[in-house]
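Residue numbers begin at 1 in each chain, while the letters A, B, ... track the order of the sequences. Predicted model, so just to flag it, every value in this text is computed and none were measured.
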Number of protein chains: 2
Amino acid sequence: MPAFVQSPSGGAQLLDRAVILLDLVADGGVEGLSLKDLAARSGLNTATCHRILNTLVGHKLLARDNQKRRYRLGARMAIYGVRAARGPGIISRCEVALSRLRRRTGDTTHLMACFNHDSVCLDRRDGECIVPTLTGSIGGFVPLGVGPGSIAMLAFLDEDEQDYIIRANLGRYVSYRNLTEDKVRQLIADTRRRGYAVDVGELIPGIAGVGMPIMTPGEKPGAALSFTLLCAKLGPGVLEHYGALLKEEIDAIVGQ
Amino acid sequence: MPAFVQSPSGGAQLLDRAVILLDLVADGGVEGLSLKDLAARSGLNTATCHRILNTLVGHKLLARDNQKRRYRLGARMAIYGVRAARGPGIISRCEVALSRLRRRTGDTTHLMACFNHDSVCLDRRDGECIVPTLTGSIGGFVPLGVGPGSIAMLAFLDEDEQDYIIRANLGRYVSYRNLTEDKVRQLIADTRRRGYAVDVGELIPGIAGVGMPIMTPGEKPGAALSFTLLCAKLGPGVLEHYGALLKEEIDAIVGQ
DNA sequence: CATAGAATCTCACATTATGAAAAAAGAGCT
DNA sequence: AGCTCTTTTTTCATAATGTGAGATTCTATG
């Protein structure tokens, strides 16, 4: 596992390991993961894994399906989640921006966050037209590299981290229209030059998107704002206008 | 700290401690908590506390306001939260029930969960009339013992745990209308007898509520469903009808 | 009802976490 | 600015905590 994925922290090995497991379970989808899966993927000894998982279940950070003996996220996570969403975190800070962007354009807006190899939808405002999105509703996700919000974040990571993620996601790109490794790298280059990511009907015919990362100085991008709209709405200068709107809101958010 | 609050788990002291800290921060509100606060409240040594907090911040389970040096829930929690809400957890399992109850009555419905000494709103469907609620929207909370959903959960905890929570919350009850320790105990007794909790205009004039716990056999109640409605809608048999509706949905949820 | 595969438990061992104490960084006050 | 008090951060010797190989128990499946 490369250095940037998991930074070992001084004197808390057990916690580091617990977080690895939490991440794996969070990524594990609805079906959940078995002890064996988790031990294999984390690289931890089965016994150690078991002990940590049991503890996490005890605290309801994880839950276990006793029938199938699989682990999934627990009730306490749901509670922490709603609490985190209320506090001064990223979701609250972007609430107004999301709503205002939607109001000023009439289009669907998303707040996406980086999570492992994925881009997760943290919040969303639906536009006047129902547009199909890859992400779906809150909690939905796509591989990093798929879609404008997702590309926007990927583009501003360190190059070695980018490479690592792209390579990890290669197998998943094939299930999207027109997406190859080269294409992703091209999109990243375009995005870095332009400052925002654009997709005009490439992933979903007739659907366009514009995305820009939320960059706190000195940190790698953790989140992005994006628009999804009908290609039919596009005319000269429209993409630039959307880019400018995003920039305005993100500057305000970062400035706080 | 009494046994039922934190069950020490075999061979993972550090994790237990981390969860204590996470809980404290989650409870700490929007302003966040300082190292000193956390060390005092958790009873942990300052250095130990510091080390654990740093690690949690490193993993973005917590975030730190560098200006004010205070800790609050981090971005990763928000992500875990939306993931947990999507999986087969309590929120998903109650989604349909919440919507159906709202549809069948036209009233506001809540999904509440037990968290430390509080009852937290995990999900909500707004009714036809806008009614004021103590809980507010998702993520909002009230002390356990305040409001029908909250009483419903409190009523079915073990007696010693009930006592402990009531005593811990005593100071907070005074800020609610007509609420005293005796009143809470009376409501608990009524709720146990009846199977569901009722409030008719006592906490907020003109606003009534009905709540019932979601009881998985062999476990203490972790969540409750509740209605909030205008007292004006009440007539003979209405409360019983609402109780029956709740029972029907909860039986279905538990039966899954 | 065997059998393999997975989960759980045990325990000797040493790595990891602990916390007292010292150092550093802020916050107030005059 | 200078001084004092408070809070945060770092250090390091010590031992308690977590580790993981292996034994045991459980469970699904042919």
Only one of B/Leu98, B/Leu111, B/Thr133, B/Thr109 clears side chain to side chain contact (heavy atoms under 4.5 Å, CB included) with B/Arg124; which?
-> B/Thr133
If only atom types and distance count, is the side chain of A/Arg69 paired as donor or acceptor with the main-chain N or O of A/Ser34 below 3.5 Å?
-> no
With axes from five pairs an end, tell me the bend angle of the helix from C/dC1-D/dG30 to C/dT30-D/dA1, nearest 10°.
-> 60°
A/Arg69 has an atom CZ; how far is it from atom P of C/dT8, in whole Å?
-> 5 Å
Examine D/dT9: is either OP1 or OP2 under 4.0 Å from a nitrogen or oxygen in the side chain of B/His50? Give yes or no.
-> yes
Using a cut-off of 4.0 Å on non-hydrogen atoms, how would the nucleic acid contact of B/Arg17 be classed: base, sugar-phosphate, or nothing?
-> sugar-phosphate
Answer whether the closest heavy-atom distance between the side chains of B/Leu24 and B/Tyr71 falls below 4.5 Å.
-> no
Apply side-chain contact (heavy atoms from CB on, under 4.5 Å) to A/Ile20 and A/Arg41, showing your working.
-> CA-CA 9 Å; A/Ile20 292 176; A/Arg41 297 196 198 188; over 6 Å; no
Considering only D/dG20, D/dT8, C/dT8, which nucleotide approaches the side chain of A/Arg51 most closely?
-> D/dG20
Under-4.0 Å salt bridge between B/Glu248 and B/Arg100 = no
For B/Thr46, check side chain to side chain contact (heavy atoms under 4.5 Å, CB included) against everything at least two apart and list the hits.
-> B/Leu35, B/Ala39
Tell me which of A/Thr48 and A/Gln67 sits closer to the 5' end of DNA chain D, going by the nucleotide each one is nearest to.
-> A/Thr48
Which nucleotide sits closest to the side chain of A/Leu35: C/dA7, D/dT9, D/dA21?
-> C/dA7
Reckon B/Asn45 has a side-chain N or O less than 4.0 Å from the OP1 or OP2 of C/dA20?
-> yes
Report yes or no: does A/Ser150 contribute a side-chain atom to a donor-acceptor pair with the main-chain N or O of A/Pro143 at less than 3.5 Å?
-> yes
May I ask you to say what B/Arg64 touches in the nucleic acid, namely base, sugar-phosphate or nothing, with a heavy-atom cut-off under 4.0 Å?
-> sugar-phosphate
Under 4.0 Å: is that the gap between some side-chain N or O of A/Gln13 and OP1 or OP2 of D/dT19?
-> yes
Which of these nucleotides, D/dA21, D/dT9, D/dC26, is closest to any side-chain atom of B/Thr46?
-> D/dT9
Check every strand shown and say whether B/Leu14 touches a base, only sugar-phosphate, or nothing at a heavy-atom separation below 4.0 Å.
-> sugar-phosphate
